[in-house]
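Everything quoted here is computed from the prediction, not taken from an experiment. Side chains are part of it too, since the values below use all heavy atoms of this structure and drop only hydrogens, waters and symmetry mates. We count ligands from 1, going down the list as the structure has it; atoms in each ligand are counted the same way.
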Amino acid sequence: MSMLEPSLGWAQAADDSDPLKDLRERFHIPPSAAGDGPSIYLVGNSLGCMPKGVEAEMAREFDNWKTLGVEAHLQGDSPWYPYHESLREPGARLVGALPHEVVFMNSLTVNLHLMMVSFYRPTAERHKIVIEESAFPSDRYAVASQIEFHGFDPKTSLVQLKPREGERVLHDEDIIEFLKANASDVALVMLPGVNYLSGQVFDMQAITAAARQAGCAVGWDLAHAAGNIPLKLHEWGPDFACWCSYKYLNSGPGAIAGCFVHERHTREGSGSNFPRFAGWWGNDPNTRFEMGEQFVPVASADAWQLSNPPIFSMTPLRVSLELFDRATMDALRAKALRLSEYTQVLLEARLGDRIQIITPSEPERRGCQLSILVPGQSRPIHDALGKMGIVTDFRAPDVIRTAPVPLYNTFADVYGFVEGLERALSAGD
Ligand SMILES: *Cc1c(COP(=O)(O)O)cnc(C)c1O
């Protein structure tokens with residue numbers, strides 16, 4: 001920490017020497033509500049900024065449609081028939097998977113359901129799903145409805161892990177202890193890689209190992225992890241993982257989502273035998289257009305694809321994944337750690353105990369996001385920041401989420417945010 005200084009000069013020097021600084025130029029940063037240039041946009045955890053390359057790529061696909069019509073499926077410089085395959089390798093690099101373990105399809109909650117159709121197979125002895133008490137609402141609704149769909153009752157089959165008395169985030173070791181001692185009736189463990197509210201990063205490797213040791217299926221919701229922290233899904237070995245692409249992946253509202261299925265379930269002769277909702281795009285592409293009666297699943301995560309994919313939704317993702325490849329997750333992580341450390345140092349230096357950071361302070365337990373409380377005033381302070389052109393996000397009852405992201409945020413952004421926060425607090429005194 002000694003190298004960081006809570007001054008604007010330090011922030012500007014850090015930006016000048018930032019090896020990723022050119023990437024900011026590749027994004028549209030929304031203008032400030034205060035009318036003084038770009039906003040300080042700290043909500044890449046909610047909706048990432050638009051990559052500038054998207055417009056030209058969209059125009060190109062519109063043009064293909066305009067000029068080639070149906071022939072664009074097989075002709076042109078980016079034929080649509082294999083288009084989704086071009087996302088597989090960059091997607092795999094992003095989440096530490098093998099290319100055939102990754103598919104982009106549908107949206108996040110839809111994919112959670114499709115994965116649970118295959119990997120939540122409750123029996124009278126093992127019927128529970130473990131989530132966190134502060135799970136994202138959609139995940140909670142999805143698991144509860146799956147439990148009910150199988151004729152069980154969420155009151156008895158849904159386990160919600162709670163933080164220790166008086167604390168706001170879970171301890172990894174408590175989750176692992178729970179799985180060691182209490183998981184004999186648990187069918188599925190479904191936790192987030194990064195909690196959406198606190199920004200806490202879970203020890204996915206250790207929890208996955210503990211869940212599998214206990215005989216449970218395990219799936220990760222990586223909505224706040226993909227594009228935020230480095231992942232090693234293949235090595236860690238969960239059964240599945242799902243993530244959306246509009247947060248850290250900057251692929252636009254409702255963008256097409258990602259899905260991982262570990263290859264042990266799809267390898268030829270793997271012996272895996274599970275129910276699956278099938279559609280023609282999950283069929284072996286070599287026989288797909290024979291229009292046969294029998295579904296022949298392709299031996300990869302693509303087997304869960306139902307429909308022919310939405311090209312216009314994949315185009316922004318393709319542009320975005322190129323930027324991640326250019327930057328690399330390791331370099332992004334290195335900058336993200338410095339950005340969040342700098343945010344914390346500045347907040348502590350300038351605001352002391354007037355605010356509280358609920359995100360864990362250990363670097364390995366957090367990503368880009370810092371969640372802050374201003375006791376009794378979080379909402380008005382969030383609103384005041386907005387008027388100054390500092391975009392943060394408020395989650396009831398009392399959390400302000402901020403996420404300086406390494407692709408397009410700067411150390412000067414962080415400085416401006418903390419200064420704005422100080423001004424907003426003084427105005428309220
Ligand atoms: C953002 C988010 C969602 C949103 O789900 P959609 O299906 O994309 O609308 C769900 N779960 C978590 C944990 C999220 O962070």
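By the 30° and 60° cut-offs, the orientation of the rings of Phe289 relative to Trp280 is perpendicular.
A distance-only check finds no donor-acceptor pair linking the side chain of His262 to the backbone of Glu101 [under 3.5 Å].
Considering only heavy atoms from C-beta on, Glu55 comes within 4.5 Å of His28 through its side chain. Here the side chains of Arg88 and Asp302 are in contact, with some heavy-atom distance below 4.5 Å.
Near ligand 1, residues Leu108, Thr109, Phe136, Asp139, Asp221, Ala223, His224, Tyr246, Lys247 each place a heavy atom inside the 4.0 Å sphere around the ligand atoms.
Residues Ser86 and Arg318 have side chains that bring a donor and an acceptor to within less than 3.5 angstrom of each other.
Classification of Asp393 and Arg395 as a salt-bridged pair holds, one side-chain N sitting under 4.0 Å from a carboxylate O.
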